[in-house]
Amino acid sequence: MARINDHYLKLQAGYLFPEIARRVNAFAAEHPEAKIIRLGIGDVTRPLAPAVIKAFQAGIEDLAREETFHGYGPEQGYEWLRQTIVERAYRPLGVELAADEIFISDGSKCDTANILDIFGPDNRVAICDPVYPVYNDTNVMAGRSGPADEQGYYEGIVYMPCTAENAFTPAFPQEKVDLIYLCYPNNPTGTVATREQLAGWVQYALDNEAVILFDAAYEAFITEPGIPHSIYEIEGARRCAIEFRSFSKTAGFTGVRCGLAVVPHELVGRTATGDEVPLHQLWSRRQSTKFNGVSYPVQRAAAAVYSDEGWAQVREVIAYYLGNAAIIRQGLEAAGITCYGGVNAPYIWLRTPEGMGSWDFFDKLLAECHVVGTPGAGFGPSGEGYFRLSAFGSRENVEEAVARIRKRWGGG
Ligand SMILES: *Cc1c(COP(=O)(O)O)cnc(C)c1O
């Protein structure tokens with residue numbers, strides 16, 4: 001009989017969103033009249049920008065005619081899309097990339113998971129706590145951890161707590177690590193890293209020969225000047241960092257699927273015998289073997305995000321979500337609730353009032369305000385006592401949810 005990958009059995013059940021759904025369904029069944037507002041899951045709700053739709057449709061029309069038909073494209077993405085990203089996404093930041101350092105993909109969840117293919121099993125991995133669960137779970141699946149303890153920490157993985165006490169800024173690991181996941185702007189805390197903080201990480205990685213896996217899925221939400229949008233804005237990052245970006249939150253592509261990874265030519269890892277090998281060569285080989293590229297119309301749609309017209313439309317949608325975030329944050333603060341994030345990110349990370357546990361607050365918010373959020377503890381043990389609200393809803397729902405919370409907790 002076929003042997004399974006035993007490491008999968010170490011994973012604690014995909015607990016968070018199913019458990020939320022279970023509690024919401026139970027409440028809805030008992031209170032069919034309640035108008036429940038969902039500010040939980042991190043998915044967008046606004047339609048794609050008109051310029052993006054137009055390019056998407058033109059791409060499909062091309063497939064309908066023999067002269068413009070496209071079959072397999074390059075595994076790494078079409079040159080015109082990669083070049084557009086070089087010019088429109090990175091050059092304005094003062095970051096000069098070669099088009100072949102960009103690998104177009106079907107999204108950042110996949111990329112941040114798949115990147116582990118090119119790293120050996122013995123690497124020690126550092127992740128933040130709380131965290132986007134993909135980084136943790138994919139390392140467990142790959143066999144880079146022992147079992148989880150009762151708190152939910154897996155043996156062998158180095159956790160970097162991020163709480164209000166350290167201003168959600170992880171301390172450098174005390175022990176030697178080889179791979180460091182950073183996500184800025186952060187999901188779930190909605191906080192950002194300053195240039196100085198990122199420069200500290202780059203120096204740390206260079207000093208320790210570690211690779212930073214930098215998830216910039218929310219960079220388009222940065223509003224404060226001076227906050228880096230890319231790790232490559234930091235001197236030396238080309239020698240120690242892989243960056244992931246996604247069209248999902250930037251342009252509403254969560255259901256369309258398109259992202260990208262940047263692997264600079266200078267970035268190297270070591271063989272068992274100590275020789276240096278460019279990671280670019282390995283990722284290129286990995287993608288050519290295991291991936292056949294993103295569909296042509298989707299790449300056309302993605303390129304349109306960076307047209308003048310497309311970018312203006314996309315910015316409007318981001319401003320709409322950030323407007324929601326401001327309403328949530330101001331409303332909650334008026335109710336005396338301590339909030340973080342929501343300025344450079346579509347998430348508000350709040351301290352649960354009256355020292356309530358994350359899940360107790362979830363139940364109370366659902367029962368008394370009919371509002372659904374995400375318990376911080378679901379993102380890691382250090383998320384206990386916190387709660388995430390997403391700004392991806394409609395303005396009307398966000399305003400209604402905030403009004404209900406203010407009515408219950410004050411300031412309304
Ligand atoms: C939403 C999100 C992504 C994007 O994932 P896609 O697969 O591109 O849709 C990546 N990282 C984080 C932290 C996210 O929250």
Side-chain angles (χ1 to χ4, degrees), residues 14 16-17 20 39-46 48 52 77 81 85 89 102-116 125-139 160 162 168 170 179-193 212-222 229-231 241-262 287 291 293-295 298-299 301-302 305 314 317-318 321-322 325 341-342 344-349 373-374 376 378-380 383 388-393:
L16 180 60
F17 290 106
I20 290 173
L39 301 180
I41 294 183
D43 195 2
V44 297
T45 56
R46 300 287 97 193
L48 295 176
V52 170
L81 177 56
I85 290 164
I102 294 171
F103 295 80
I104 306 300
S105 74
D106 56 344
S108 292
K109 184 198 230 183
C110 328
D111 278 346
T112 53
N114 292 334
I115 198 72
L116 293 178
V125 174
I127 64 176
C128 292
D129 164 34
V131 74
Y132 180 57
V134 176
Y135 317 147
N136 184 81
D137 292 359
T138 52
N139 276 288
M160 303 182 287
C162 299
F168 304 98
L179 297 174
I180 302 163
Y181 288 85
L182 295 178
C183 174
Y184 289 112
N186 191 261
N187 177 12
T189 68
T191 56
V192 287
I212 295 172
L213 301 172
F214 191 77
D215 186 343
Y218 296 95
E219 65 78 26
F221 290 81
I222 294 173
H229 287 243
S230 164
I231 188 128
I242 292 174
E243 178 164 295
F244 304 97
R245 280 198 181 195
S246 173
F247 291 87
S248 284
K249 315 300 166 29
T250 303
F253 275 47
T254 53
V256 176
R257 312 305 306 143
C258 196
L260 63 103
V262 180
Q287 291 299 78
F291 187 54
V294 174
S295 84
V298 167
Q299 292 191 63
V305 167
V314 160
V317 176
I318 291 171
Y321 291 137
L322 285 169
N344 300 296
Y347 299 118
I348 285 81
W349 187 245
T374 313
F379 297 101
R388 191 189 76 175
L389 289 176
S390 152
F392 285 130

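Just so you know, ligand 1 is whichever comes first in the structure, and atom 1 is the first atom listed for that ligand.
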Worksheet entry | side-chain hydrogen bond (donor to acceptor under 3.5 Å, both in side chains) between Thr112 and Asp215, intermediate numbers included | CA-CA 8 Å; Thr112 53; Asp215 186 343; 5.2 Å; no
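Residues satisfying the ring pair (Phe, Tyr, Trp, His ring centres under 6.0 Å) test with Phe221, not counting sequence neighbours, are none. With sequence neighbours excluded, no residue forms a ring pair (Phe, Tyr, Trp, His ring centres under 6.0 Å) with Tyr184. With sequence neighbours excluded, no residue forms a ring pair (Phe, Tyr, Trp, His ring centres under 6.0 Å) with Phe291.
At a 4.0 Å heavy-atom cut-off, the residues surrounding ligand 1 are Gly107, Ser108, Lys109, Tyr132, Tyr135, Cys183, Asn187, Asp215, Ala217, Tyr218, Ser246, Ser248, Lys249, Arg257, listed by chain and number.
Nearest heavy atoms, Ser230 versus Glu243: OG-OE1, 3.0 Å.
The main-chain N or O of Cys183 is found under 3.5 Å from a side-chain atom of Asn186 such that the two form a donor-acceptor pair.
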